[in-house]
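Okay, so here's the structure we're looking at.
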There are 2 protein chains.
Amino acid sequence: MQDKRITSDDVARLAGVSRSAVSRTFTPGASVSESTRNSVIAAARKLGYRPNALARSLTGQQSGLVAVVMAEFANPYESQVFYALTQALQKLDKVSMLVTPDESGDINNSLQLVGAYQVDSAIIAAGSLSLQATQICLTMGIPSVLMGRDDPFGKICSVQTDNRMAGRLAAEHLVNSGAQRPAYIGGRPDGQASQERKQGFFDSLRDQGVEPLGHCDNPDYSYQSGYQSALELLQRRPEIDSLFCAFGAMDAIRQQLGRKTPQDIQFVGADNVPMAEWPGYQLTTISQPVELLAQAVMENLEIILTQGQAMARSRRVAPWLVSRATTRNA
Amino acid sequence: MQDKRITSDDVARLAGVSRSAVSRTFTPGASVSESTRNSVIAAARKLGYRPNALARSLTGQQSGLVAVVMAEFANPYESQVFYALTQALQKLDKVSMLVTPDESGDINNSLQLVGAYQVDSAIIAAGSLSLQATQICLTMGIPSVLMGRDDPFGKICSVQTDNRMAGRLAAEHLVNSGAQRPAYIGGRPDGQASQERKQGFFDSLRDQGVEPLGHCDNPDYSYQSGYQSALELLQRRPEIDSLFCAFGAMDAIRQQLGRKTPQDIQFVGADNVPMAEWPGYQLTTISQPVELLAQAVMENLEIILTQGQAMARSRRVAPWLVSRATTRNA
DNA sequence: TTGAAAGCGCTACCAC
DNA sequence: GTGGTAGCGCTTTCAA
């Protein structure tokens with residue numbers, strides 16, 4: 001119920017020391033005598049004192065604020081990533097600030113806004129917006145890490161899933177399960193991740209002596225668009241017996257075309273979204289190693305902040321196969 | 001590429017005015033002459049200046065930071081809410097800070113952390129954790145708004161969906177569609193929202209002369225638990241011909257029990273999650289009016305901040321029926 | 001090890 | 001309407 005904010009001055013007075021002493025007590029690795037430290041801690045606890053992070057950052061310290069730029073939250077994968085990032089940051093006593101484009105789809109205003117909060121760094125995971133966001137962060141002088149794609153200009157480091165490996169894992173699983181005529185339905189044709197997945201998938205198939213039967217992209221990686229793409233592809237090539245794809249495509253084939261799994265067709269999902277393990281789905285998927293990605297981002301952030309933007313290297317995180325019964329109960 | 005941060009001093013110098021003039025230019029409703037304002041704006045633009053929000057908040061201004069306390073992101077409804085809140089805050093030049101419990105499920109440390117950032121207020125939507133969070137925010141002196149439940153102590157205001165109305169809408173829809181033996185599968189037995197929904201549902205049924213056939217709760221409102229509950233209920237009362245429930249229950253009945261819709265059984269979903277409109281589902285649902293809820297929260301925040309915690313009143317936001325083809329294509 | 005004092009960038013108050 | 005100045009809470013020299 002304390003109405004007034006407790007300042008270091010209050011603590012100092014109660015502890016009978018100077019403000020400097022209080023500050024030192026809360027500065028890791030500063031030089032304070034045991035007795036001083038103890039009385040300060042005691043006074044601080046009694047008063048419920050916490051250093052004002054805003055005031056601290058004004059003295060040249062890091063603010064502890066990290067911007068997370070994301071354009072999409074509809075896809076559960078995105079929100080999972082955001083949650084994981086926030087958790088990881090919290091563990092380092094940092095705080096995430098979500099930055100989203102405004103209604104017109106523009107990211108600039110929002111970035112300007114959080115820029116005013118002196119964020120130490122930015123994590124850019126905004127899909128199609130990421131290039132623009134990267135540019136803006138660079139000109140604002142905010143050290144940044146990209147997620148989910150490379151920086152085509154090679155200016156900043158990135159963290160992403162090893163998509164080729166994801167493709168290979170999917171291919172191996174399908175072939176091991178007896179697939180003979182596999183196909184791929186991917187995301188945006190211009191999406192780096194989708195391209196890499198496809199490449200890994202096809203490479204591995206050929207290595208195993210299986211000829212991939214076809215592939216198609218879906219314009220925006222949405223459920224609907226995957227649904228459509230799958231219908232078209234399967235109408236063109238009805239002999240396809242297995243697919244590496246996302247949920248939309250799978251539902252289309254099972255529901256619209258009435259194909260049964262695994263008798264008629266087999267699937268590996270491209271995203272280990274929570275839905276994949278629901279009783280109705282039980283879909284074998286390639287995991288998106290969200291926590292590991294977040295961890296890798298934290299490590300790069302650390303490097304960037306202490307040694308500079310140039311010292312951080314891009315990183316790939318290995319996904320793995322999550323094997324589940326592929327049959328639907330219906 | 002500018003490396004040094006631009007301060008109001010820089011702008012003042014370039015514009016040939018004082019720091020005060022710069023400050024006034026960026027203070028809505030301050031008194032500056034047109035000519036001064038213009039030259040300041042020009043200089044600021046040229047330098048890429050934005051007032052430092054952290055420094056500003058040190059002068060007694062509001063920080064513009066708002067904590068959003070949430071315990072769950074797995075449920076797409078939660079992340080939708082967070083996104084909507086962030087967007088709404090951004091529109092008011094405010095920034096959201098997500099606060100989540102740490103790995104041990106404790107919210108205190110996280111709250112302490114963001115408390116150090118002098119948040120102006122907190123939005124508490126943490127389900128089962130919200131009572132604890134509310135308590136902590138109160139003792140830290142952070143004005144708060146609850147989402148999705150009432151404060152049992154009546155200390156702070158809340159914003160929530162009108163759950164009784166949701167229940168009534170569902171009942172009317174089912175009866176209009178010819179339902180005779182409806183049942184309800186809800187969330188946590190202790191959950192206020194679920195209880196209210198049930199009450200509205202049953203009241204409306206009785207008003208229409210239809211006797212509800214049964215109901216059950218599911219312990220944690222998860223997909224799995226709804227799935228189980230539905231199987232049990234339907235085994236006990238196989239004559240049930242319609243349900244107001246969530247996804248898990250619906251999938252269980254269609255897939256596990258093989259009941260067809262709408263011939264064998266009809267559904268109204270309790271959440272208008274994105275999935276509801278997927279081609280595979282096309283489920284009629286009660287909307288969760290997320291944007292309106294966010295808007296209502298903003299309005300309460302405004303009241304709290306300007307007139308004090310006590311002046312804000314709890315608010316109910318009306319949901320509506322989203323009617324879709326209830327048949328699955330399969 | 002300690003305290004006094006300067007200063008981070010900003011706004012508010014005060015004379016002009 | 002305008003500029004000087006004090007001060008927000010903190011960390012960090014610098015003497016002691």
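Every heavy atom of this structure was used, including side-chain atoms; hydrogens, water molecules and symmetry mates were not. Every value quoted in this text rests on a predicted model; they were computed, and no experiment measured them.
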Mind checking the [atom1]-[atom2] spacing from [X] to [Y]? Nearest 0.5 Å is all I need.
X        : Y        : atom1 : atom2 : answer
A/Ser31  : A/Arg37  : OG    : CZ    : 10.0 Å
A/Leu98  : A/Ile123 : CG    : CD1   : 11.0 Å
B/Glu302 : B/Ser121 : CD    : OG    : 10.5 Å

Going by heavy atoms in the side chains, are [X] and [Y] under 4.5 Å from each other?
X        : Y        : result
A/Lys91  : B/Asp102 : no
A/Tyr117 : B/Leu65  : yes
B/Thr36  : B/Arg24  : no

Revision key, fill the gap. Note: contacts of residues 52-64 of chain A with DNA chain C (heavy atom, under 4.0 Å) are A/Leu58, A/Thr59
Check your understanding: Does D/dC10 have OP1 or OP2 sitting under 4.0 Å from an N or O in the side chain of A/Tyr49?
Key ->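 Checking A/Tyr49 against D/dC10: at least one side-chain N or O falls below 4.0 Å of OP1 or OP2.
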Check your understanding: Do the side-chain N or O atoms of A/Ser8 get closer than 4.0 angstrom to the phosphate oxygens (OP1, OP2) of D/dG9?
Key -> no
Practice item. Please list residues of residues 36-46 of chain A whose heavy atoms come under 4.0 Å from any atom in DNA chain D, ordered by number; otherwise none. Key: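 Under 4.0 Å from DNA chain D: no residue of residues 36-46 of chain A.
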Exercise for review: Would you jot down, in residue-number order, the residues of residues 15-25 of chain B having a non-hydrogen atom under 4.0 Å from DNA chain D?
Suggested key: B/Val17, B/Ser18, B/Arg19, B/Ser20, B/Ala21, B/Arg24
Exercise for review: Applying side-chain contact (heavy atoms from CB on, under 4.5 Å), run through A/Phe82 and A/Glu78 and close with a yes or a no.
Suggested key: CA-CA 6 Å; A/Phe82 180 73; A/Glu78 308 289 333; over 6 Å; no
Point to revise | A/Gln160 vs A/Gln192, side-chain contact (heavy atoms from CB on, under 4.5 Å): CA-CA, chis, key distance, verdict | key: CA-CA 11 Å; A/Gln160 38 191 327; A/Gln192 182 191 335; 3.5 Å; yes
Point to revise | Chi angles and distances behind the side-chain contact (heavy atoms from CB on, under 4.5 Å) call for A/Leu58, B/Asn52 | key: CA-CA 9 Å; A/Leu58 215 57; B/Asn52 180 331; 4.1 Å; yes
**Study point:** Five-pair end axes of the helix from C/dT1-D/dA16 to C/dC16-D/dG1, angle between them (10°)
**Key:**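 Helix axis angle between the two ends: 40°.
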Review point. If you pin B/Pro51 and A/Ser33 to their nearest nucleotides in DNA chain C, which one's is more 5'?
Key: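 Comparing both residues, the 5'-ward one is A/Ser33.
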Review point. A/Ser57 and A/Ser63: side chain to side chain donor-acceptor pair (under 3.5 Å), yes or no, with the steps?
Key: CA-CA 5 Å; A/Ser57 77; A/Ser63 67; 5.6 Å; no
Give the table of side-chain donor-acceptor pairs shorter than 3.5 Å for residues 127-138 of chain A, with sequence neighbours excluded, one pair per line with atom names and distance.
residue  : atom : partner  : partner atom : Å
A/Ser130 : OG   : A/Gly127 : O            : 2.7
A/Ser130 : OG   : A/Arg149 : NH1          : 3.1
A/Thr134 : OG1  : A/Ser130 : O            : 2.4

Review point. Checking side-chain contact (heavy atoms from CB on, under 4.5 Å) for the pair A/Gln288/A/Gln80: CA distance, chi angles, key distance, verdict?
Key: CA-CA 10 Å; A/Gln288 287 280 9; A/Gln80 261 184 276; over 6 Å; no
Exercise for review: Only pairs at least two apart or in different chains count here, so list each side chain to side chain donor-acceptor pair (under 3.5 Å) that has a residue in residues 38-50 of chain A.
Suggested key: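 For residues 38-50 of chain A, and leaving out neighbouring residues, there are no side chain to side chain donor-acceptor pair (under 3.5 Å) pairs at all.
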**Study point:** Distance in angstrom units between A/Tyr117 OH and C/dG9 P, rounded
**Key:**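 So the OH-P distance, A/Tyr117 to C/dG9, works out to 18 Å.
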